[in-house]
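Scroll down for the structure; my scribbles are underneath it.
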Amino acid sequence: MPLSWNEIKSRATAFSKEWADESSEDAEAKSFWDGFFNIFGISRRRVASFEQQVKKSDDKTGFIDLLWKGVILIEHKSRGKDLDRAYQQAKDYFPGLKEKELPRYILVSDFERFRLYDLEENQHTEFKLTDLVNQVQLFGFIAGYQKRSYKEQDPVNIEAAELMGQLHDKLKAIGYEGHQLELYLVRLLFLLFADDTNIFERGIFNDYLELKTNEDGADLAAHLSQVFEILNTPKEKRLKNLDESLAAFPYVNGKLFEEHLQLASFDSEMRRILLNCCLLDWGKISPAIFGSLFQSVMDAKARRNLGAHYTSEKNILKLIKPLFLDELWKEYEAVKDSKPKLQKFHDKISKLRFLDPACGCGNFLIIAYRELRLLEIEVIKTLLFKHEKLRAEVAADAGIDVGQLIKCDVDRFYGIEYEEFPAQIAQVAMWLIDHQMNQLVSNTFGEYYVRLPLRKSATIKHGNALRIDWQSLIDPLPWEKVEPRYHYILGNPPFIGKHLQNAEQKADMELLFAKVNGAGVLDYVAAWYIKAANYLQSANKVEEKGLSKTKVAFVSTNSISQGEQVGVLWNELFNQYHCKIHFAHRTFKWGNEAKGNAAVHVVIIGYSNYDLNEKLIYEYDDIKGEPHELKVKNINPYLVEGRDILVNSRSKAICNVPEIVWGNKPVDGGNLLFTDIEKKDFLAKEPKASKFFRPLLSAKEFLNGENRWCLWLVEAQPNEIREMPYVLEKIKKVKEMREQSVDEGARKLALRPSQFRDTKNPKSFILIPSATSENRKYIPFGFFNENYIANNSCHMIPDGQLFHFGVITSEMHMIWVKNVCGRLKSDYRYSKDIVYNNFPWPENPTDKQKEAVEKAAQAVLDARAQFPNSSLADLYDPNTMPPALVKAHQALDKAVDLCYRSQPFPNETKRIEFLFELYDKYTAGLFVKEKKGKRNKE
């Protein structure tokens, strides 16, 4: 156990006095440094050795004065000698050291002067022996007090996970697998962390492995089994004649070492891997990051992209800050000047309960707990050092035990995880972050604080969160007068689209959405929204003095705030569960900076079943960038300010505009479709087919300027077909394909094998590609005549006019698309029933305004025509869009805007708010209005 800072300073003062007048020649160096290490309660002989022989950079042999491998190298000189030369000499030893032995610190000294170099921070401090007592904090790492920074991409996180992965593979190869292997590795993780962070006496696990186990590894498993048993045995129940190296391990408890595991088996290579693990500085490991990395080593495919499988802390904070953290810090600032109020606030934060019902390796719980403990430390600092009575007690050395002041603990944190291994990791990771925060308490208040044995733990349930009663995880405490509840529910439920759900997941959805029409379109994450909303109904009936009502926030794929899912999910949340959105991050890129990271586009939505007067929207000008905060009165399910409107799927347009239809689906097995080369080869042997070939317009060919062809035999006479044997062969293949189909509709089409399933061929039409890149400011639409056939990757507006083309090509329509349409990954997925049929067209444009739009629309087509060798993909790429086309679109935007109103729209947000208001006006009476009295404001 580290000494308190008061004790360390007392020893430093005595040491300085003892050596101030000594000559301190080399013969006394060992006594000097033994005494120096003793200041910090550390035996120099146990951690560092004198005169270690190494080869220097000049290939000559050298002797390091004092080396603690991986920690500090000390080079001492006689009084008055050059410390710069001493530092250079110390650096010359580095080539002779193994990478794991390289120190973070170099200390050079002439017994009167000290100069400490921190090689990681690239800084140094120099002081005299007489000033040691005032600089002693610099050496906190010797005592076990060390400030650490935890970097998401710190190589130690990756290296540690890779080494554990190697050990995993070796054990699995000998048949040690499944639950036993996973728990075994989790135990080793705890031991490695404990060995470097003063849960144990520093280094005792490493020493035990090196000194007590054979190099061939044959006895390693038996020794590890002994260690596991000792860690689970209270000191008073251990054997009296226990080997002192085993007896040095503390009693851990926490049930981590309770289960008896089958004896594993090791060899020399596996022992070497484990010892290499010991050489890493596990104190640098971030539990929030390492858990996900650790899990990914179990999967060979995931391991290839190691580093891509964790959630960045920055993204987690985007959820927890508006959910609870900002509010708590604001409350702290309001009460910190009043001791009674601050103590009451401290009690409050210690009573908060948190649940992550899809916790994985515990990332969200870990960061939430860490941030709560940081707030608590600030509260305690204020109580101790700001308020007079407590300050006086400290000044008088009243012996306040900081451990008695810590109230927040891991037992208020709960998680549910479907897979067993990440659930085990989450359990241990919560102990690890708790210890790291206890280390920070020790550093902050100068009193060593550790929670051993482990008496409390987070509750992590292994199971299906959609089938488990969330309330069942809470064991009521004797003093709780009302039914306990979670105050904050948070997390990152699985991103699984409707087409990717397995049978069990579909059954989960059916269970939760049994009475909800159209629920088949919903992503799996929607189930967590409904489950949480159901919990809110009972939880928020409970009144707890001084504690806010339960709130929820989830990270979700942005599909639940776009397209057809909105009308289904949010109709249920609004009308059945009376929920209101409290804050929302609009679409941004979710991931981390690791290579191989497959980022997704997500939203974060915070909600509850009560209302607030002020809500927050986080807007992203760049989905990879940082958001700006908007304070609004209400957030609708499209995550913009406005009434709680739902844009539902409809078969007819809400305005008097031409009908939109799908293009033609071939259902031909590719037999009626041709590339340029295939068409040329086919006509060489079947020239009579020439008049039946039509250009086929798919989204891909239309946007990229490519050619594709189809045999359009709708008007072909039977005798003409019989005269073309190669065409007839194609038709026979279509018939066979359709007859063999498992789809009943396709089998019926076998009765007319010469035709596509659809045979729409209007005299003119506007073409709309159904999927297009989100990077384009405008979706390129086109005009075509009856000589062209549109396939089913496009929509058509038959007989659409230039005015219609102009409006849907404008920024006004694009903003509607951006907010309302569904997405295919991040690309726009244009829907006729959601986007077009619900689009609020200009209310009453004058003939003059319509003419202006038509003129501007034609100018856009003319601008395109200036670049005949460029595809639409080229023309509408933001980096290559020609100025002439940009100018034409800007003129069109202005003309369309004037059809809506005379005042300009200052930004996208104002445009979409205006469109939702107009949509509300057009559809008045079609939606269920909010029922007064159903929602309370808080």
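Sequence positions, counted from 1, serve as the residue numbers for this chain.
Atom CZ of residue Phe354 and atom CZ of residue Phe364 lie 13.5 Å apart, to the nearest 0.5 angstrom. Put simply, CD1 on Ile617 and CD1 on Ile635 are 4.5 Å apart, with the number rounded to the nearest 0.5 Å. Note: Asp409 CG to Arg373 CZ = 7.5 Å, rounded to the nearest 0.5 Å.
Checked by atom type, the side-chain pair Thr382/Tyr332 shows a donor-acceptor distance below 3.5 Å. For the 3.5 Å distance criterion, the side chains of Lys580 and Asn634 qualify, holding a donor opposite an acceptor. Defined by atom type and a distance below 3.5 Å, a donor-acceptor pair is missing between the side-chain atoms of Asn636 and Arg643. Side-chain contact, Asn775 with Tyr876: no donor N or O sits under 3.5 Å from an acceptor N or O. Counted by atom type alone, Tyr529 and Ser556 present one or more donor-acceptor pairs between their side chains at under 3.5 Å.
Here the closest heavy-atom approach between residue Pro769 and residue Ile779 is recorded as CG-CG2, 4.0 Å. Between Ala465 and Pro357, the closest heavy-atom pair is CB-O, 2.9 Å. Scanning both residues, Cys361 and Ile366, for their nearest heavy atoms gives O-CD1, 3.9 Å. The minimum heavy-atom distance linking Lys407 with Glu376 is given by the pair N-OE2, 2.6 Å.
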Test Glu913 against Lys910 for salt bridge (charged side-chain N to carboxylate O under 4.0 Å, His left out), laying out the working first.
CA-CA 5 Å; Glu913 288 172 5; Lys910 293 302 178 185; 3.6 Å; yes
Run the side chain to side chain contact (heavy atoms under 4.5 Å, CB included) test on Leu374 and Leu440 for me, step by step, so that the C-alpha distance in whole Å, both residues' side-chain angles and the decisive distance to 0.1 Å come before the verdict.
CA-CA 9 Å; Leu374 289 172; Leu440 182 58; 3.4 Å; yes
Between Glu378 and Lys336, is a salt bridge (charged side-chain N to carboxylate O under 4.0 Å, His left out) present by the stated rule, with each step listed?
CA-CA 10 Å; Glu378 200 64 31; Lys336 67 180 182 181; over 6 Å; no
Are Tyr638 and Trp816 close enough, and set up right, to give a ring pair (Phe, Tyr, Trp, His ring centres under 6.0 Å), and what steps lead you there?
CA-CA 11 Å; Tyr638 300 92; Trp816 183 257; 7.6 Å; no
Chi angles and distances behind the salt bridge (charged side-chain N to carboxylate O under 4.0 Å, His left out) call for Lys615, Glu641:
CA-CA 9 Å; Lys615 304 175 180 71; Glu641 184 174 18; over 6 Å; no
Worked verdict on Val568 versus Val521 for side chain to side chain contact (heavy atoms under 4.5 Å, CB included)
CA-CA 8 Å; Val568 179; Val521 304; 4.1 Å; yes
Do His813 and Tyr778 pass the ring pair (Phe, Tyr, Trp, His ring centres under 6.0 Å) test, and can you show the C-alpha distance, the side-chain angles, and the key distance before you say yes or no?
CA-CA 9 Å; His813 183 252; Tyr778 305 96; over 10 Å; no
I'd like to know whether Asp356 forms a side-chain hydrogen bond (donor to acceptor under 3.5 Å, both in side chains) with Tyr488, so could you lay out the CA-CA distance, the side-chain angles of the two residues, the decisive distance to 0.1 Å, and finally the verdict.
CA-CA 9 Å; Asp356 183 346; Tyr488 301 103; over 6 Å; no
Checking Tyr414 against Trp470 for the side chain to side chain contact (heavy atoms under 4.5 Å, CB included) test, could you report, in this order, the C-alpha distance in whole Å, the side-chain angles of both residues, the deciding distance, and whether it holds?
CA-CA 9 Å; Tyr414 302 77; Trp470 293 356; over 6 Å; no
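Cation-pi contact between Lys318 and Phe588: present, with separation from the ring centre below 6.0 Å and deviation from the ring axis of at most 45°.
The residues Glu333 and Lys330 are annotated as not salt-bridged, no charged nitrogen and carboxylate oxygen being separated by less than 4.0 angstrom. A salt bridge links Arg370 with Glu313: the closest approach of a Lys/Arg side-chain nitrogen to an acidic carboxylate oxygen falls below 4.0 angstrom. A salt bridge links Glu811 and Arg911; the closest N-O separation between the charged side-chain nitrogens and carboxylate oxygens is under 4.0 Å. Checked for salt-bridge contact, Arg776 and Asp877 miss the test: no charged N lies under 4.0 Å from a carboxylate O.
By the neighbour-count criterion of 12 heavy atoms within 6.0 Å, atom NZ of Lys344 is sparsely surrounded, having that number or fewer from other residues, nucleotides or ligands. The 12-atom threshold is not exceeded at OH of Tyr418, counting heavy atoms of other residues, nucleotides or ligands nearer than 6.0 Å.
You'll find the side chain of Glu619 reaches within 4.5 Å of the side chain of Thr909, heavy atoms only. Under the 4.5 Å side-chain criterion, counting only non-hydrogen atoms from C-beta, Leu573 is not in contact with Gln576. Between Ile605 and Ile560 the shortest side-chain heavy-atom distance falls below 4.5 Å. At a threshold of 4.5 Å between non-hydrogen side-chain atoms, the residues Lys894 and Asp897 do not count as touching. Here the side chains of Trp528 and Pro494 are in contact, with some heavy-atom distance below 4.5 Å. Counting only heavy atoms from C-beta outward, the side chains of Leu639 and Val603 approach each other to under 4.5 Å. When side chains are defined from C-beta on, Ile468 counts as touching Leu473, because their heavy atoms get closer than 4.5 Å. Two residues are said to be in side-chain contact when any heavy atoms from C-beta on lie closer than 4.5 Å; Val525 and Thr557 meet this criterion.
Ring geometry, Trp841 versus Phe839: the interplanar angle exceeds 60°, so the pair is classed perpendicular (tilted spans 30 to 60°). Trp570 and Tyr607 have perpendicular rings, their planes meeting at more than 60° on a 0 to 90° scale where under 30° would count as parallel. Aromatic ring orientation, Phe413 versus Tyr369: perpendicular (interplanar angle above 60°, classes split at 30° and 60°). Classification of the Tyr486-Tyr535 ring pair by plane angle, with boundaries at 30° and 60°, yields tilted. Aromatic ring orientation, Tyr620 versus His585: tilted (interplanar angle from 30° to 60°).
Here the side chain of Asp434 pairs no donor or acceptor atom with the backbone of Met430 at under 3.5 angstrom. For the pair Asp893 (side chain) and Ser810 (backbone), a donor-acceptor distance under 3.5 Å is absent. At least one donor-acceptor pair under 3.5 Å links the side chain of Asn838 to the backbone N or O of Asn648. Not a single donor-acceptor pair under 3.5 Å links the side chain of Glu614 to the backbone N or O of Lys633. In this structure a side-chain-to-backbone donor-acceptor pair under 3.5 Å is missing from His601 to Lys589. A donor-acceptor distance shorter than 3.5 angstrom exists from the side chain of Asn540 to the backbone of Thr550, with no hydrogens or angles considered. With Gln565 contributing its side chain and Leu522 its backbone, the two residues share no donor-acceptor pair below 3.5 Å. Trp590 contributes no side-chain N or O that, together with a main-chain N or O of Asn315, makes up a donor-acceptor pair within less than 3.5 Å.
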Please tabulate, for the side chains in residues 622-630, all donor-acceptor contacts under 3.5 angstrom to protein atoms that are two or more places apart in sequence or on a different chain.
residue : atom : partner : partner atom : Å
Asp622  : OD1  : Lys624  : N            : 3.0
Glu626  : OE2  : Lys314  : NZ           : 3.2
Glu629  : OE1  : Tyr618  : OH           : 3.3

Without placing hydrogens or testing angles, list every side-chain donor-acceptor pair under 3.5 Å for residues 319-328, not counting sequence neighbours.
residue : atom : partner : partner atom : Å
Lys321  : NZ   : Asp326  : OD1          : 3.2
Glu327  : OE1  : Lys551  : NZ           : 3.0

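Sorted by first then second residue, the salt bridge (Lys or Arg N to Asp or Glu O under 4.0 Å) pairs that include residues 518-531, not counting sequence neighbours, number zero.
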